[in-house]
**Student:** 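Mind looking over this structure? Questions follow.
First the proteins, then the strands, lettered A, B, ... as listed; each starts at 1.
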Amino acid sequence: MSGFKDRADLALADRILKVAVERTAGTAEAKRAVAVDAFPDFEAARDRAAAIKDHVVAHLGAYLEQFEASATAAGAKVHWASTADEACRIVIDICKAAGAKSVARSKSMLGEEIGLPHALAEAGIGRVETDLAEHIIQLADERPSHIIWPAMHKTREQVSALFKAKHRSPHAEETIAAMAESARRELRTQMLGADVGISGANFLIADTGAVCTVTNEGNAELSLVPPRVHIVTAGIEKIVPSMPHAIHMLRMLARSATGAALTQYTTFYTGPKRAGDRDGPEEMHIVLVDNGRTKMREEGLAEMLRCIRCGACMNHCVVFRQIGGHAYGGTYPGPMGAVLTPVFDGLKESRELANACTLNGKCQEVCPVRIPLPTLLRGWREKSWREGLEPTSMRAGLSLWAWVATRPRLYRLGTGMAVRAMRMLGRKGWIDKLPLVGGWTRYRDMPKPAARTFMAQYKKERRS
Amino acid sequence: MSARDTIFARLKGDAPSKAEADALLIAPERPRVDEAALEAEFLARLALPSISATHDVIDDMAQLPAAVARYLESQNEALTLCMPPDPRLVACDWQGFTLHDRAAPDEAAAIAVARRGIAESGSLIFETGPTAPMLPNFLALHHIVLLRVDDIMPYLEDAPLPGVQPRAHYWITGVSGTTDIEGTYVRGAHGPRFLHVLLLRQ
Amino acid sequence: MTKSVALFVTCLVDMMRPRIGFAAIRALEAAGCEVVVPEGQTCCGQPALNSGDRDHAMALAKQTIAALEPYEAVVVPSGSCAGTIRCHYPEIFEHDPLWLARAQAVAGKTFEVMAYLDEVLGWKPEGVRVDARATYHDSCSGLRELGIKAQPRRLLKAIDGLSFAPLQGEETCCGFGGTFCVKYPAISNAIVGEKADAIDATGADLLLAGDLGCLMNMAGKLNRKGSKVRAYHAIELIAGMADGPAIGEEA
């Protein structure tokens, strides 16, 4: 697999991608700003949201026990998985026990994280992705490039070609509405015919045992009501104590993600169909997945467990806006992805992500749960440095510089010489080619420094 | 050790205090709602582009079929309706309508009764039960919802049902929409393309 | 009463553009301060800190703290270096009670120069005239770590003849990011390219900001694309030194 820089270069060269990312993330940024302005005291609401999540993470064991008891009392079966593989195995086993030939899946980033689409395919179980973007991704055999808009990298022309090749009765008219209609026709019968519906969870309500999903398309409900079995895969950090806590988080989620007050559909599922109910599944299974989360809690990443997967950090990230989601190479892109990917894929493989950030702090400023993303990214940089994963040239250069900088007299001598050397390379006021920082001068000029350093000039002035 | 044991072994800690959890809910930040004008507040949200529902007002239940007919005719739809066996609906005189209580895959119109309307967000609140299936409300192209004006409440905190929970408690805040292709908004992605609320003033 | 303040010059100003340091001294003296430049200072250690090199960051932080702690106040012509001292030094020593106390003491009396002039001293430039149209970029660390937004604008508004053209995306990162711009030059270039276009689109004569790193990045890109916009640190104008060469102009 190619490295981060190669993927980033490819993305930078893809101007269509840039337009696509700008269109969706730019709209989200503008709409969020309007929603936040209209909300009374969004800053205090962010404090509260962070406090709710911190409270849950501090008492996670007790809340999980409470959720398990409530969900079980409501007739759901709760399963536990330490790893991604375990979680997939549990889901596959439930599908097999139900004799399932096909599953309808409602977009879930946790499902992507544990590799569920791949596991279902290996088990020979047909899968229909019902979120429109995930459907596009499935047809194209790609990975999501954003956690809210997984197909944001695709243009309408690309989607049109896909649907024409794969849909039974594709659109005739080249409009986005006609393409969506084609997907509606294609997916509806598949959803209604699925044996199992699989969803993630936006929130798990500890005291009622309810599982909350939010969608704008209504595909979760259409995927989860008709089949005989409903399987939920959820990260253990998705817990909130009660409905009013969930309500506060829901107020933050859509506003931060899309700028809407709420998603069109917000559903709380508590156990399977009841006696007398006219629809709903016979069985409900909830698979609670750790996959590194308890470790994050222990190893300085507890604040990351506040994340409600709104995508605001990536929508507002200058790097994401240039390279899109695929370049990150993990399940989750953008700033939150740069923090999470080393947990799942290992720091050695993903150390570049923490470095490919200007630490400008915008992500932290818009995060609805105030995750100190730049601090967490700095934490990964430190770990990478400690473990010797940073490139030798960088380590040597920085160490030499620091060695000199901790010796002020030597430093004055060195900076004086460096200034004179740089001036020799300059023409008029600028240097257009500078060794050691070729990355700078490849794209922009470097101003020629003054003849003498501040310290040298200041000393001379003081003497005179 | 089972996965459950492994996870709980790493999550040892105090049980949360109820008081601490409750303290997180004192005076929540939320949209301002004029509690003296709930109907107007609710209708204003219903008309927002993000929801873009239409509405009509009836004075009593006897006017319901005529209001539904008026809407369907305005949409050039036949008087065919998926209607759940809710006694309040069944009691009306549906002469002239073709009714059924199971939704077809290409259902044109379904009617349902909302337990609450929420002024803060323009949401309609439903639960599943023996007389309240869920699927028709997601399958039909036109979703017609009956809501008593008195059931409009100010905040989302007023939405949950206390006590034992039904299989599903759900909030509908608009029509099935998507922005998944180039960020362009399309109505009727999977479910309803139109939402029509009939406000009962009685 | 005269205030005695220490100027922390910053390594970039020391090497690349000493005028900014002298402008800071001039403005502070005009505001009634007595300015000292402590001998033992070099770099605040931010490049090491942001590269994950905790040991060297700590060594440089100790050296800087020792150099600055004798003074009543410390003033820095850079939001990001001031932010390192104010926000990150206490974090670096969170497990070292002795140094933590010293770090907190220095952090508490360290200010970005324009915030110090405006908020602490309540000073405004008088009799300074610059006939030009300027646009202002809010450097990220100053903006988000120190809340620097209104202070430079208040000071600049007191300059006669200076008008302002708002910059689209004035709070959007310019893509400098310290070592980021040399580690990921292509991404950095894409970001600063957009920034340079936005600056050009204002029609302003001058680009102003409060951090030399960002200014060099933006000015370097503007020059490469042939723009006529001239770049200064805002303190140079505030101190009445706008008659000197802009960034990248020969003295």
**Student:** In terms of side-chain heavy atoms, does S2(B) have a donor or acceptor partner in W80(A) at a distance below 3.5 Å?
**Tutor:** no
**Student:** May I ask you to name which of K273(A), R185(A), H245(A) has the most heavy-atom pairs under 4.5 Å with chain B?
**Tutor:** H245(A)
**Student:** Among H146(A), E86(A), M243(A), R48(A), which residue forms the greatest number of heavy-atom pairs with chain B at distances under 4.5 Å?
**Tutor:** R48(A)
**Student:** Enter the distance from E298(A):CD to L11(B):CG here, rounded to the nearest 0.5 Å.
**Tutor:** 8.0 Å
**Student:** Side-chain contact, heavy-atom cut-off 4.5 Å: H248(A) with R30(B)?
**Tutor:** no
**Student:** Side chains of T173(B) and Q264(A): any donor to acceptor distance under 3.5 Å?
**Tutor:** no
**Student:** Can you find a heavy atom in the side chain of H55(A) that is under 4.5 Å from one in the side chain of L24(B)?
**Tutor:** yes
**Student:** Give, as side chain, backbone, both or neither, the part of F126(B) having an atom under 4.5 angstrom from any heavy atom of chain A.
**Tutor:** neither
**Student:** Verify side chain to side chain contact (heavy atoms under 4.5 Å, CB included) between E221(A) and L135(B), making sure each step is shown before the conclusion.
**Tutor:** CA-CA 8 Å; E221(A) 291 77 3; L135(B) 193 57; over 6 Å; no
**Student:** Against chain B, label I176(A) side chain, backbone, both or neither, depending on which of its atoms sit under 4.5 Å from a heavy atom there.
**Tutor:** both
**Student:** What part of A20(A) lies closer than 4.5 angstrom to a heavy atom of chain B: side chain, backbone, both or neither?
**Tutor:** neither
**Student:** Quick one: what part of P84(B) sits under 4.5 Å from any heavy atom of chain A, side chain, backbone, both or neither?
**Tutor:** neither
**Student:** Name the region of L132(A), side chain, backbone, both or neither, that has any atom closer than 4.5 Å to a heavy atom of chain B.
**Tutor:** both
**Student:** If we define contacts as heavy-atom pairs under 4.5 Å, which of A28(A), G61(A), A275(A), G218(A) has the most with chain B?
**Tutor:** G61(A)
**Student:** In terms of heavy-atom proximity below 4.5 Å to chain B, should T155(A) be classed as side chain, backbone, both, or neither?
**Tutor:** both
**Student:** Are F138(B) and Y265(A) close enough that their ring centers fall under 6.0 Å?
**Tutor:** yes
**Student:** Given D180(B) and V159(A), is the side chain to side chain contact (heavy atoms under 4.5 Å, CB included) satisfied, shown in steps?
**Tutor:** CA-CA 10 Å; D180(B) 278 347; V159(A) 173; over 6 Å; no
**Student:** Between P40(A), G26(A), A261(A), which residue shows the highest count of heavy-atom pairs closer than 4.5 Å to chain B?
**Tutor:** P40(A)
**Student:** Taking R184(A) for its side chain and G188(B) for its backbone only, find out whether a donor-acceptor pair lies under 3.5 Å.
**Tutor:** yes
**Student:** To the nearest 0.5 angstrom, please state how far the CD1 atom of I7(B) sits from the CG atom of L288(A).
**Tutor:** 7.5 Å
**Student:** Where on F39(A) is there a heavy atom nearer than 4.5 Å to chain B: the side chain, the backbone, both, or neither?
**Tutor:** side chain
**Student:** Let me see the working for S176(B) and E217(A) under side chain to side chain donor-acceptor pair (under 3.5 Å), right down to the final yes or no.
**Tutor:** CA-CA 4 Å; S176(B) 168; E217(A) 296 178 12; over 6 Å; no
**Student:** How many angstroms lie between atom CE of M1(B) and atom OG of S82(A), to the nearest 0.5 angstrom?
**Tutor:** 8.0 Å
**Student:** Side chain, backbone, both or neither: which part of A51(A) has a heavy atom under 4.5 Å from chain B?
**Tutor:** both
**Student:** Answer whether the closest heavy-atom distance between the side chains of R251(A) and E29(B) falls below 4.5 Å.
**Tutor:** no
**Student:** Between R188(A) and chain B, which part of the residue has a heavy atom less than 4.5 Å away: side chain, backbone, both or neither?
**Tutor:** side chain
**Student:** Using heavy-atom distances under 4.5 Å, tell me whether E134(A) contacts chain B through its side chain, its backbone, both, or neither.
**Tutor:** neither
**Student:** With only heavy atoms counted, which part of D101(B) is less than 4.5 Å from chain A, the side chain, the backbone, both or neither?
**Tutor:** both
**Student:** Based on non-hydrogen pairs under 4.5 Å, which of D131(A), T24(A), T208(A), N216(A) is most in contact with chain B?
**Tutor:** N216(A)
**Student:** Using heavy-atom distances under 4.5 Å, tell me whether F8(B) contacts chain A through its side chain, its backbone, both, or neither.
**Tutor:** side chain
**Student:** Could you tell me if the side chain of D279(A) sits less than 4.5 Å from the side chain of P136(B), heavy atoms only?
**Tutor:** yes
**Student:** So what's closer than 4.5 Å to chain B heavy atoms on R297(A): side chain, backbone, both or neither?
**Tutor:** side chain
**Student:** Tell me, for A260(A) versus chain B, whether the close heavy atoms (under 4.5 Å) come from the side chain, the backbone, both or neither.
**Tutor:** neither
**Student:** Using non-hydrogen atoms only, which part of L139(B) is less than 4.5 Å away from chain A: side chain, backbone, both, or neither?
**Tutor:** both
**Student:** Specify the closest pair of heavy atoms between T267(A) and A168(B), including all atoms of both residues, with the distance to one decimal.
**Tutor:** CG2-CB, 4.3 Å
**Student:** What part of R187(B) gets closer than 4.5 Å to chain A, counting heavy atoms only: side chain, backbone, both or neither?
**Tutor:** neither
**Student:** Examine whether an atom of E68(A) lies under 4.5 Å from a heavy atom of chain B, and if so say whether it belongs to the side chain, the backbone or both; otherwise answer neither.
**Tutor:** side chain
**Student:** For the side chain of R167(B) and the backbone of G271(A), is there at least one donor-acceptor N/O pair under 3.5 Å apart?
**Tutor:** yes
**Student:** Where does L64(A) contact chain B at under 4.5 Å (heavy atoms): side chain, backbone, both or neither?
**Tutor:** both
**Student:** Nearest 0.5 Å, what's the CD-CD distance between E182(B) and Q158(A)?
**Tutor:** 9.0 Å
**Student:** So which residue, D290(A), D277(A), L187(A), ends up with the most heavy-atom pairs under 4.5 Å with chain B?
**Tutor:** D277(A)
**Student:** Heavy-atom cut-off 4.5 Å, strictly under: side chain, backbone, both or neither for E120(B) against chain A?
**Tutor:** side chain
**Student:** Where does R255(A) contact chain B at under 4.5 Å (heavy atoms): side chain, backbone, both or neither?
**Tutor:** side chain
**Student:** Taking D14(B)'s backbone N and O only, do any of them form a donor-acceptor pair with H59(A)'s side chain (distance below 3.5 Å, no angle check)?
**Tutor:** yes
**Student:** Identify which part of T263(A) has an atom lying under 4.5 Å from any heavy atom of chain B, answering side chain, backbone, both or neither.
**Tutor:** backbone
**Student:** How far apart are the C-alpha atoms of Y170(B) and Y269(A), what are their side-chain angles, what is the distance that settles it, and do they pass the side chain to side chain contact (heavy atoms under 4.5 Å, CB included) test?
**Tutor:** CA-CA 8 Å; Y170(B) 56 106; Y269(A) 308 89; over 6 Å; no
